[in-house]
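Quick notes on the structure that follows.
The basis for the numbers below is simple: all heavy atoms, side chains too, and nothing from hydrogens, waters or symmetry mates. Counting starts at 1 for both ligands and their atoms, following the listed order.
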Amino acid sequence: MVDSMLDDLSTLHDQPAWRVPDPAAMERIDDEPLPRAGQGEQATFAQFLSDVAPYRMGNIHPRFFGWVQGNGIPLGALADMIASGLNPHLAGFNQAPRHVEFKVLDWLKQLLGYPASASGILLSGGSMANLTGLAVARQAKAGYDVRAKGLQSVEQKLRVYCSDETHNWSRKAMELLGFGSENLVSVALDGNGRLDPARLAEAIQSDKAAGYRPICILATAGTVNTGAVDDLHALADIAAAENLWLHVDGAFGALAAVSPKTKHLVKGLERADSIAFDLHKWMYLPYEIACLLVKDGDAHRATFATTAAYLAVTDRGAIAGGLPFSELGFELTRSFKALKAWMCLKAYGADAFGDAIARNVEQASFLATLVEESPLLERVAPVHMNIVCFRFIGARSDELDAINEEILLRLQEKGIAVPSTTVVDGKLVIRACIVNYRTTDEDLRMLRDSVVLLGQEIVSERQSTLATL
Ligand SMILES: *Cc1c(COP(=O)(O)O)cnc(C)c1O
């Protein structure tokens, strides 16, 4: 299994970026009854190779640029395997893996320029890390014992502020934490994809005048659509003046802080009360691993700490030191996801990660230049970081949305590359997000050239269809 995995990873460039799942293979998976008797390890692995592996998402491929999906360092995959072999319980306990997780958190604080006194926890993904951060904000700023009383005992409504570009975890989290999504106030953008601080200040004042209690600002460092970074200094000033919690969703963007070359893109990040970010996006580790850092460790612990007789801590033995991670998040049983981060940082060094991140940012500028060079393409949004939004423009303007969508689908179905689409200024655009250490400049050239060729092909097909009418 290890050999087959490593062989596959070493030949990715020669494989299609994505394959349409074979209906026969999907049927073999979908229609199989519960196996009462075992089929054996060999036969089971053989079916994995024939029916599962070829029809994967494709996000490990060098020309996968869709949404914000990670790729995964092979050493990280092997670390996950040996972590599963050890299978330790990471609520805490008196064991070396607990030290490894604390060490990883320590290093991550340093990489993001966050104080060593901050607390943190590794979580499954950005959504969980953001949800956990918002739970801490709720606890710290509600102004009463929200853990005991919940949100049903008070008349005054708590309000949270975000921008029109905030990721939709925010809505789910507002609902789940009991705020209700109508108390998530979405503030308009400043014309550059960022939350407008002046409009935010107005929204807070008018909410206060109407009797609401503002408690938290959700800033974004790296929006999904265009990679824009909110003005974190301006938002931190407002948070300080109004006694609000400043939480930063830096799912991928916060990692720009890792390289001295790109650090300026997320200036002010260190002023956040909490930061959520993924290590399975722009730190190139396999799914799942993300991190929440909280500047005030007491507030973090106060959100989740509980006691139970069956978890009594002793001075010596296997539960000495207690269960610190169960006091910093909702989960009790947790996997040893820290191992892949620890091994990859040690094996390759933090600077290698910074270099790869800086290279992805350069590659986004390079792709933007390739787009601008072509008279048949147009760049549609500024390139803030590692995301390029562009489209084919070699046709009548009322046809462009349909043509660009068709270009995207053909790129994917032919296995050439997998960008995704979004809508910018009312236009459907092709969106390439580069968080992939396997991507080369040649891959970006191929993406550009293929978009142009497919666009021309689709235009000429449409013209010949018209001619036959
Ligand atoms: C990906 C992403 C999330 C969600 O993170 P998951 O790891 O997918 O749960 C949240 N915010 C932003 C900006 C993202 O890019």
Side-chain angles (χ1 to χ4, degrees), residues 57 59-60 64-72 76 80 108 112 120-135 137 160-177 184 186 189 193-195 216-230 232 235 246-257 265-266 269 272 274-293 329-331 334-335 337 340-341 357 360-361 364 381 384-389 418-422 431-436:
M57 185 68 221
N59 49 303
I60 55 177
F64 190 100
F65 308 110
W67 307 280
V68 191
Q69 297 200 10
N71 25 134
D80 265 348
L108 292 174
L112 264 58
I121 184 167
L122 297 180
L123 292 148
S124 55
S127 303
M128 283 304 298
N130 279 304
L131 168 71
T132 308
L134 186 55
V160 174
Y161 303 84
C162 69
S163 87
D164 291 347
E165 288 282 85
T166 304
H167 190 280
N168 71 357
W169 69 265
S170 55
R171 194 188 158 102
K172 291 198 261 181
M174 288 294 287
E175 292 167 359
L176 198 59
L177 289 170
L184 179 63
S186 185
L189 303 172
R194 300 178 304 187
L195 197 163
C216 179
I217 303 169
L218 301 178
T220 303
T223 61
V224 178
N225 274 335
T226 66
V229 178
D230 288 339
L232 301 177
L235 301 186
L246 177 63
H247 173 80
V248 175
D249 173 9
F252 64 93
L255 280 309
L265 295 174
V266 290
L269 184 66
S274 51
I275 311 173
F277 55 101
D278 275 312
L279 303 178
H280 61 208
K281 285 179 176 169
W282 221 3
M283 274 292 274
Y284 314 106
L285 296 179
Y287 296 142
E288 303 166 339
I289 183 169
C291 180
L292 171 71
L293 296 177
F330 188 75
E331 295 170 321
R334 300 171 62 255
S335 70
K337 50 176 84 67
K340 57 191 161 193
I357 289 163
N360 286 160
V361 172
H384 303 283
M385 201 183 269
N386 60 337
I387 295 176
V388 185
C389 292
V418 183
S420 53
T421 58
T422 189
R431 173 185 163 286
C433 172
I434 310 171
V435 287
N436 193 328

Which N/O atoms of ligand 1 sit under 3.5 Å from a protein N/O, and at what distances?
| residue | atom | partner | partner atom | Å |
| --- | --- | --- | --- | --- |
| ligand 1 | 5 (O) | Gly126 | N | 3.4 |
| ligand 1 | 5 (O) | Ser127 | N | 3.4 |
| ligand 1 | 5 (O) | Asp278 | OD2 | 3.3 |
| ligand 1 | 7 (O) | Gly126 | N | 2.7 |
| ligand 1 | 7 (O) | Asp278 | OD1 | 3.0 |
| ligand 1 | 7 (O) | Asp278 | OD2 | 3.0 |
| ligand 1 | 7 (O) | His280 | NE2 | 2.9 |
| ligand 1 | 9 (O) | Gly126 | N | 3.3 |
| ligand 1 | 9 (O) | Ser127 | N | 2.8 |
| ligand 1 | 9 (O) | Ser127 | OG | 2.7 |
| ligand 1 | 11 (N) | Asp249 | OD1 | 3.3 |
| ligand 1 | 11 (N) | Asp249 | OD2 | 2.7 |
| ligand 1 | 15 (O) | Lys281 | NZ | 2.9 |

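Residue Val229 comes nearest to Ala221 through the heavy atom pair CG1-CA, 3.9 Å, listed as atom of the first residue, atom of the second, then distance.
In this structure, CG on Leu255 lies 6.5 Å from CG on Leu112, to the nearest 0.5 angstrom. Note that the CG atom of Leu195 and the CG atom of Leu218 stand 9.5 Å from one another [nearest 0.5 Å]. Note that CZ of Phe252 and OG1 of Thr223 are 6.0 Å apart. Values are rounded to the nearest 0.5 Å. One distance of note links CE of Met174 with CG of Leu134; it measures 6.5 Å at 0.5 Å rounding.
Partners of Gln69 under the side chain to side chain contact (heavy atoms under 4.5 Å, CB included) rule, at least two apart in sequence or in another chain, are Met57, Asn59, Phe64, Trp67, Tyr287.
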